[in-house]
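Throughout, residue positions are numbered sequentially from 1 according to the sequence presented. In what follows, every heavy atom counts, from backbone to side chain, and hydrogens, waters and symmetry copies are set aside.
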Amino acid sequence: MKNSMSVVAMFIAGCVAGAYLEIDADIHGISLCILYALMLQVGMGIGGNRELRESLRHVSPKILLVPVATITGTLLFSAAASLLLSRWSVFDCMAVGSGFAYYSLSSILITQFKEPSVGLQIATELGTIALLSNIMREMMSLVAAPLIRRYFGKLAPISAAGVNSMDVLLPSITRCSGKEVMPVAILHGMLVDMSVPFFVSLFCSM
């Protein structure tokens, strides 16, 4: 939660700086560099984790149904949200949901992909919505993990966590659901993580 609050604080600081300071820097060029750095970090984290590779050797192929369920459920509910948000299309809402709690990457991707078609202002608004909604998903998954486990089963906290099931929320998941779900949570987070750029770019192009 501390990390999430730090992100919110930096976002607010950026809004204030943008409103009151004249910034001549190439903001979009900087955003693109940050995006590349994030993707490099994701790849290095996955490729260099020896414990992860060892854990995955003992995981049943049936466990792949967990990330499939997470992705399917998130996209369905994101599409349903468009019925309440007349300003945004179903594909815009699904692009936001496709962040799967990866707020830093999804917000940058959405802003980059949507700008050519809708303009900078609208693209920035949608990127901001993605940032805040995915931060909220992480925080709610962290706070409500015990309740999610009680009412929906031991795999439910993993799905609720999205990409964060393999890092930030892993301690709370293992505390609520047991250490035996750790390999499942790591694999789930890794696969969902890799799906973010694909789904965000797909729905932003529609």
Side-chain angles (χ1 to χ4, degrees), residues 1-11 37-78 81 94 96-109 130-200:
M1 184 177 295
K2 182 178 179 181
N3 291 335
S4 297
M5 296 307 296
S6 298
V7 172
V8 174
M10 291 301 295
F11 170 72
L38 283 171
M39 295 306 297
L40 177 63
Q41 180 267 328
V42 170
M44 292 176 64
I46 293 173
N49 194 327
R50 297 180 180 178
E51 294 182 0
L52 173 60
R53 294 198 297 267
E54 184 64 28
S55 298
L56 295 181
R57 294 179 183 177
H58 307 289
V59 174
S60 169
K62 293 181 180 180
I63 296 303
L64 294 175
L65 293 175
V66 180
V68 170
T70 298
I71 293 171
T72 303
T74 299
L75 295 180
L76 285 175
F77 277 94
S78 297
M94 293 175 77
V96 170
S98 296
F100 303 114
Y102 200 163
Y103 44 81
S104 55
L105 178 61
S106 61
S107 58
I108 294 175
L109 283 175
L131 174 69
L132 296 177
S133 64
N134 283 290
I135 287 176
M136 290 177 62
R137 176 172 181 169
E138 178 185 313
M139 296 179 67
M140 291 176 64
S141 299
L142 178 62
V143 174
L147 291 176
I148 295 172
R149 166 66 177 89
R150 171 185 284 185
Y151 293 106
F152 300 102
K154 67 178 182 180
L155 296 180
I158 297 176
S159 287
V163 300
N164 296 307
S165 67
M166 68 177 179
D167 45 48
V168 178
L169 298 182
L170 186 58
S172 63
I173 289 172
T174 55
R175 186 167 55 251
C176 294
S177 301
K179 293 184 179 180
E180 67 272 12
V181 303
M182 184 180 295
V184 180
I186 294 174
L187 178 62
H188 170 272
M190 181 181 69
L191 295 177
V192 173
D193 193 325
M194 291 189 294
S195 75
V196 172
F198 170 76
F199 284 111
V200 171

TODO: Could you pull out all residues at least two apart from Ala81 that satisfy side chain to side chain contact (heavy atoms under 4.5 Å, CB included)?
DONE: none
Task: Gap separating the CG atom of Leu64 from the CG atom of Leu191, nearest 0.5 angstrom - done: 6.5 Å
Open item on the list: To the closest 0.5 Å, what do you measure between OG (Ser98) and CG (Leu105)?
Closed with: 11.5 Å
Open item on the list: Looking at every non-hydrogen atom in both residues, tell me the closest pair between Asn134 and Gly99 and how far apart they are.
Closed with: OD1-C, 3.5 Å
TODO: Quick one: which residue pairs count as a side-chain hydrogen bond (donor to acceptor under 3.5 Å, both in side chains) with a foot in residues 145-159, not counting sequence neighbours?
DONE: Thr70-Ser159
Task: Contact summary for Gly97 and Ser78, nearest pair of heavy atoms - done: CA-OG, 3.3 Å
- [ ] Could you give me the CA-CA distance, side-chain angles and deciding distance for Ile173 and Ser165, then say whether side-chain contact (heavy atoms from CB on, under 4.5 Å) is met?
- [x] CA-CA 7 Å; Ile173 289 172; Ser165 67; 3.7 Å; yes
- [ ] Return the minimal non-hydrogen interatomic distance between Pro67 and Val192, and the atom names on each side.
- [x] CB-CG2, 3.9 Å
Task: Heavy-atom closest contact (Ala130 atom, Ser107 atom, distance) - done: CB-CA, 4.2 Å
Open item on the list: Once rounded to the nearest 0.5 Å, what's the spacing between atom CG of Asn164 and atom OH of Tyr102?
Closed with: 9.5 Å
Open item on the list: Going by the rule side chain to side chain contact (heavy atoms under 4.5 Å, CB included), which residues pair with Ser141 if we only count those two or more places apart in sequence or in a different chain?
Closed with: Arg137, Ala160, Leu169
Task: Interatomic distance, Thr74 atom OG1 to Phe199 atom CZ [nearest 0.5 angstrom] - done: 10.0 Å
Open item on the list: Would the distance check show the side chain of Thr174 and the main-chain N or O of Pro171 forming a donor-acceptor pair, the cut-off being under 3.5 Å?
Closed with: yes
- [ ] Find out whether Ser177 and Leu155 are in side-chain contact, i.e. whether some heavy atom of one side chain is under 4.5 Å from a heavy atom of the other.
- [x] no
Task: Interatomic distance, Ser195 atom OG to Ile71 atom CD1 [nearest 0.5 angstrom] - done: 4.0 Å
Task: side chain to side chain contact (heavy atoms under 4.5 Å, CB included) against Phe152, all qualifying residues, sequence neighbours excluded - done: Ile148, Ala156
Task: Residues in side chain to side chain contact (heavy atoms under 4.5 Å, CB included) contact with Ser133, at least two apart in sequence or another chain - done: Val96
- [ ] First locate atom CZ of Phe100, then atom CD of Glu138, and finally report the distance between them rounded to the nearest 0.5 Å.
- [x] 15.5 Å
